[in-house]
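Everything on this sheet refers to the single structure shown next.
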Amino acid sequence: MYEVRLEQFSGPLDLLLQLILQEELPINSVSLARVTGAYLEHLRAAEVADPNEMADFLVIAAKLLHLKSQTLLPTLESLPDEGPSLEAQLSAYRAFVEAGKHLAGILSKGRWSYPRTAPPAVPTFAPPKNLRAEHLTAAFGAILTALEPVVRFPTEAIRRVISIKEKIQRIQALVAKHAAITFRHVVGGRASKADIIVSFLALLELVKAEAIFVAQSSAFGELTLKKR
Amino acid sequence: MKKNLVEKIESLLFASPHPLTVKRLASLLECDPDEVTVGIRELQEGYRARAAGVRLNQVGNEVEIVTAPEHAELVRGFVKDETTGELTRPQLETLSVAAYRAPVTKAEIEAIRGVNCGLILRNLMIRGLITSEEMSGETRYRISLEFLRHLGFSSPQELPEYERFHGSEVIEALLSGAKGI
Amino acid sequence: MKKNLVEKIESLLFASPHPLTVKRLASLLECDPDEVTVGIRELQEGYRARAAGVRLNQVGNEVEIVTAPEHAELVRGFVKDETTGELTRPQLETLSVAAYRAPVTKAEIEAIRGVNCGLILRNLMIRGLITSEEMSGETRYRISLEFLRHLGFSSPQELPEYERFHGSEVIEALLSGAKGI
């Protein structure tokens, strides 16, 4: 489990798919809930070289945790704007992994077509009639404008990752301060889906580290967190 | 149809050092794009029927004449060898989505792959394996004619199980909610 | 006759940038020159019979595929359009990079534009709008002096916004951190 490199997976769905295939499970919500722990384990052990990549893995972690949290907290409603289910996403992904393998197989056969090779041409000066210097200036200016987001691309992803880490720290501090606290209190009254998921991520991590202890008074009751 | 349209299309495609769009052909031939499309189909059928040494390939609106893939080894021996270069798994996944789901948006590719695909799409564009076009305000991607040549098909529709992947219900369900990541 | 010989001849002649001799064809096809001659005759007849957009020309021992003389005017118009007409957007962009970032490699132009530029560079070269030179083992492109003069300048530095564009931080950041996927 040590020295996991996320780069060896082509993405979070690839990691998830491999975990499910390893256990020879079908793609459904029960299987997904079952491999959630293993998925998070990979994430925790992973070296994070690229924040973009980590953000993608965390998005899927959030979906997994939401799925799992629905089995623990049945009162937790499915939130609007849910988007495609993880199950549907993984099935579609698997289909295209297969298609990609087909493509690789076809490419390896070397059944290529070739275009006509143009004969060497002798350059003759033929300027376009209406082109002026300002057209060149405008074209280059447009290229620069289009490049800005490409160059600044990583910033947004870094911000996403940092915010998740900050929230985890905040929850850890909250639990440390109070002897006992409810999950509802941790996530706050007007929690967004992301907040709930991030809180749950922190919760699992703390339980795993045996730093806290979770009690549930009844089958659908509130979760109470206590310091060990 | 205009007189000799099929033969004229053949002349132009043969003379052009690069692929031509249906629109450009229509403007050169001073006719309707639909007529060009019919002419292209006829030329394509003709090549196929006589198992010609050449094929007419089409991706989206772009067409080109190329050598038949059956004779790849023979031709490879004497033209400047071009290669696809090594393709990583993420690249193959992205290419397969672009091949089967074209014309496809970045958001759709990302919904299927679960990762941000900005850099990988850029890289595939630079390598000339995919192309993009603006369609009603959105950028949409397809595999390029160059990549199609390496596959040895005349159009993406000839890919194995095209119907299954192109119109798959699983994928439709997924994409109806796709907003990218 | 060897299987598919006619089609193989067609593939080879189509892909070749110059005429091929019967002898060369025979050696590529590993068969007898007489067989090649028969195959050439058959291909020629086929083109003529269906009044194809192309013809097979033989001068002495050299053969090549050319566009049909009936469509000469059409093809001439197309070639003229290609070589003297207005620039397409991708061509204009590529030319602007060659103007402001000279001397620039193909890989750099492609990284800056985010698109493959092979065919475009060739077209701009043929029109004499850019020139290339070998610099420490790399081919580098710049806007041609002739075209600069045509625009009314004597050096690229005189182009509007030259200082700002040439040393653009965005491009420096892109090219220094250029990492592929």
Side-chain angles (χ1 to χ4, degrees), chain A residues 5-14 48-57 100 110-158, chain C residues 11 13-19 64-65 80 82-87 89 91-101 111-114 119 122-131 143-144 146-148 150-153 158-162 164-166 168-174 177 179:
Chain A
R5 299 197 69 85
L6 291 182
E7 300 97 90
Q8 71 195 52
F9 300 101
S10 67
L13 292 176
D14 185 34
V48 185
D50 180 355
N52 291 299
E53 199 171 54
M54 196 56 190
D56 293 334
F57 278 86
R111 284 182 87 255
W112 288 15
S113 287
Y114 293 87
R116 197 166 140 72
T117 316
V122 185
T124 41
F125 184 56
K129 279 195 194 72
N130 301 318
L131 186 71
R132 294 187 307 275
E134 55 256 45
H135 295 129
L136 289 177
T137 311
F140 199 81
I143 290 172
L144 287 183
T145 310
L147 268 182
E148 295 249 348
V150 175
V151 173
R152 252 193 259 130
F153 175 77
T155 331
E156 170 68 5
I158 290 169
Chain C
S11 282
L13 289 176
F14 173 82
S16 175
H18 44 73
E64 66 176 335
I65 301 179
K80 187 166 175 246
E82 286 281 303
T83 49
T84 64
E86 293 304 315
L87 298 188
R89 182 77 206 170
Q91 288 172 337
L92 177 62
E93 280 187 12
T94 307
L95 182 60
S96 80
V97 178
Y100 283 103
R101 290 289 308 185
I112 290 168
R113 289 196 57 234
L119 289 173
R122 190 185 138 84
N123 184 284
L124 293 175
M125 292 267 286
I126 292 172
R127 296 186 62 170
L129 304 182
I130 60 172
T131 57
I143 191 167
S144 73
E146 200 168 6
F147 186 54
L148 266 176
H150 173 82
L151 292 175
F153 302 102
E158 294 170 10
L159 286 166
E161 305 279 357
Y162 182 83
R164 189 162 74 87
F165 282 179
H166 184 72
S168 155
E169 272 174 37
V170 175
I171 289 179
E172 292 303 332
L174 175 83
K179 53 167 183 181

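Reminder, nothing fancy here: chain letters follow the sequence lines and each chain counts from 1. Basis for what follows: all heavy atoms, side chains included, without hydrogens, waters or symmetry-related copies.
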Given that the side chain runs from C-beta out, which part of R132(A) has a heavy atom under 4.5 Å from chain C: side chain, backbone, both or neither? backbone
Non-hydrogen atoms of chain A under 4.5 Å away: do they reach the side chain of L95(C), the backbone, both or neither? both
At a heavy-atom separation under 4.5 Å, does A146(A) approach chain C through its side chain, its backbone, both, or neither? neither
Nearest heavy-atom contact between L129(C) and P128(A) is CD1-CD, 3.9 Å
Turns out that what part of I143(A) lies under 4.5 Å from chain C's heavy atoms comes down to side chain
Salt-bridge contact R101(C)-E172(C) (side-chain N to carboxylate O under 4.0 Å): yes
In terms of heavy-atom pairs under 4.5 Å with chain A, the winner among T131(C), L148(C), L87(C), I65(C) is L87(C)
Any donor-acceptor pair under 3.5 Å linking the side-chain atoms of Y114(A) with those of S11(C)? no
Using non-hydrogen atoms and a 4.5 Å limit, figure out which bit of E93(C) sits close to chain A: side chain, backbone, both or neither. both
I'd like to know if the side chain of T117(A) and the backbone of S16(C) have a donor-acceptor N/O pair within less than 3.5 Å. no
Donor-acceptor pair, E86(C) side chain versus K129(A) backbone, under 3.5 Å? yes
Measuring heavy-atom distances to chain A, does H18(C) have an atom under 4.5 Å in its side chain, in its backbone, in both, or in neither? neither
F57(A) side, atom CZ; D14(A) side, atom CG - distance, nearest 0.5 Å: 8.0 Å
Contact origin within L13(C) toward chain A - heavy atom pairs under 4.5 Å: backbone
CZ on F125(A) to OG1 on T84(C), rounded to 0.5 Å: 12.5 Å
Out of curiosity, Y100(C) OH to F140(A) CZ, how far, rounded to the nearest 0.5 Å? 8.0 Å
Honestly, the part of F153(C) sitting under 4.5 Å from a heavy atom of chain A is side chain
When only pairs under 4.5 Å are counted, which of E146(C), R122(C), R89(C) shares the most heavy-atom pairs with chain A? E146(C)
Given a strict heavy-atom distance threshold of 4.5 Å, which part of L151(C) is in contact with chain A: side chain, backbone, both, or neither? side chain
